[in-house]
Amino acid sequence: MEVMDALKGRQSVKNYLSTPVETEKLNRILEAGRLAPSAYNHQYRRFIVVTDHALKKEIREKAGTQPMVEQAPVLIVYCATEDIDFTMPNGEKTYPIDAGICGGYMMLEAYDQGLGACWLGVFDPEAVKEVLNLPEEVKVVTMIPIGYHDGTQERKPRKPLEETVSYNKY
Ligand SMILES: Cc1cc2nc3c(=O)[nH]c(=O)nc-3n(C[C@H](O)[C@H](O)[C@H](O)COP(=O)(O)O)c2cc1C
């Protein structure tokens, strides 16, 4: 698939079928995340793949998040693992940016594999840490459900380019 076709076709999928995700497809999604760039190429990240239904249910209940966490056959929990306070000269922390690029890669590869995915930000990361028994220093940045879309959602529009881009001035 052309990159632009994936960019145009991808959407945040919030309703999933119970159809399992094939191992080869999941591996390609994880590989896409592995290939993502990170600041200084540090790769301070760990993807925890949660497929156990009882665990997903516990995460949904305790982290106060959406049904898709339990509904999707696979939940990728993205953890930033080290140097959480590292800040670039522009004042921005690196770990959320690393996570955003990495999650974007994985969501696009999921789309290329005929699967749906969604970036999740609304949850209690401390509760997720507790359920998964994660080390204290780790930060749970996002959770990305992966599975087959039930086909009920329309794609969302974007602002036109003229409202998004300007040349040589704001
Ligand atoms: C930083 C970030 C946080 C998000 N958090 C959630 C979330 O907690 N729950 C949810 O349903 N969607 C979440 N989304 C998905 C957005 O709602 C979605 O990307 C946006 O509405 C555009 O829709 P599209 O991805 O289908 O084009 C999040 C997206 C981003 C980038």
Side-chain angles (χ1 to χ4, degrees), residues 1-18 21 25 28-30 32-33 35-39 44-50 55-81 84 86-88 90-132 134 138-165:
M1 185 184 286
E2 290 281 334
V3 172
M4 187 53 86
D5 290 337
L7 293 168
K8 285 183 174 166
R10 185 214 60 84
Q11 66 183 132
S12 294
V13 170
K14 309 188 185 198
N15 303 310
Y16 294 88
L17 301 174
S18 57
V21 173
K25 292 189 174 187
R28 281 186 63 121
I29 294 165
L30 299 169
L35 293 171
S38 61
Y44 291 149
R45 57 198 177 204
R46 172 72 65 104
F47 318 142
I48 303 185
V49 181
V50 184
L55 265 184
K56 287 187 288 153
K57 185 171 188 289
E58 200 180 343
I59 290 172
R60 181 181 67 75
E61 287 170 356
K62 295 196 170 151
T65 189
Q66 292 159 268
M68 60 177 133
V69 162
E70 193 179 333
Q71 195 188 39
V74 175
L75 182 70
I76 299 176
V77 176
Y78 178 105
C79 302
T81 56
I84 300 302
F86 189 85
T87 306
M88 294 177 284
N90 66 0
E92 303 293 343
K93 286 194 191 289
T94 50
Y95 81 84
I97 300 170
D98 288 349
I101 296 174
C102 189
Y105 272 40
M106 289 198 274
M107 291 192 294
L108 283 171
E109 181 58 29
Y111 180 74
D112 193 29
Q113 295 302 313
L115 289 155
C118 183
W119 180 284
L120 276 183
V122 179
F123 62 88
D124 172 2
E126 289 306 313
V128 178
K129 271 173 80 168
E130 205 177 300
V131 174
L132 294 176
L134 303 179
V138 157
K139 190 132 187 152
V140 178
V141 185
T142 186
M143 302 195 289
I144 302 180
I146 308 272
Y148 287 94
H149 186 194
D150 75 354
T152 55
Q153 285 170 241
E154 300 286 327
R155 291 200 72 248
K156 290 189 182 168
R158 294 292 190 264
K159 292 178 185 172
L161 208 56
E162 310 82 66
E163 286 180 35
T164 310
V165 179

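All ligand and atom numbering here is 1-based and tracks the order in the structure. Position 1 is the first residue of the sequence; numbering continues from there.
- Although no hydrogens or angles enter the test, the distance criterion places no donor-acceptor pair under 3.5 Å between the side chain of Lys25 and the main chain of Gly114.
- A side-chain donor-acceptor contact under 3.5 Å links Arg155 to the backbone of Lys8.
- Between the side chain of Thr87 and the backbone N or O of Lys93 there is no donor-acceptor pair closer than 3.5 Å.
- Atoms of ligand 1 lying under 4.0 Å from at least one heavy atom of Arg10, given by number and element, are 24 (P), 25 (O), 27 (O).
- Only the side chain of Arg158 comes within 4.0 Å of ligand 1, counting heavy atoms alone; its backbone N, CA, C and O stay farther away.
- Both the backbone and the side chain of Gln11 come within contact range of ligand 1, each with a heavy atom under 4.0 Å.
- Looking from atom 9 (N) of ligand 1 to the surrounding protein, the closest heavy atom is Gln66 OE1, 2.7 Å.
- Side chain of Asp98 to main chain of Ala39: a donor-acceptor pair is present (N/O by atom type, distance under 3.5 Å, no hydrogens or angles).
- Put simply, the side chain of Lys129 gets close to the backbone of Val138: a donor and an acceptor are under 3.5 Å apart.
- Nearest protein neighbour of atom 5 (N) of ligand 1, counting heavy atoms only, is Gly121 N, 3.1 Å.
- For Gln153, no heavy-atom contact with ligand 1 is shorter than 4.0 Å.
- Only the side chain of Met68 comes within contact range of ligand 1, with a heavy atom under 4.0 Å; no backbone atom does.
- Given atom 30 (C) of ligand 1, the protein heavy atom at minimum distance is Trp119 CD1, 3.6 Å.
- Annotation for ligand 1: atoms under 4.0 Å from non-hydrogen atoms of Val122 are 8 (O).
- Here the options are Val128, Leu55, Leu134, the test is side-chain contact (heavy atoms from CB on, under 4.5 Å), and the partner is Ile48; only Leu134 passes.
- Of the protein's non-hydrogen atoms, Lys14 NZ, 3.5 Å is the one closest to atom 17 (O) of ligand 1.
- For a threshold of 3.5 Å applied to N or O pairs, the pair formed by Lys156 and ligand 1 contains at least one separation below that value.
- Here Met143 contributes atom CE and Met68 contributes atom CE; the two are 9.5 Å apart, rounded to the nearest 0.5 Å.
- Nearest to atom 18 (C) of ligand 1 among the protein's heavy atoms is Ser12 OG, 3.4 Å.
- In this view, Glu61 and Lys57 satisfy the salt bridge (charged side-chain N to carboxylate O under 4.0 Å, His left out) rule, not counting sequence neighbours.
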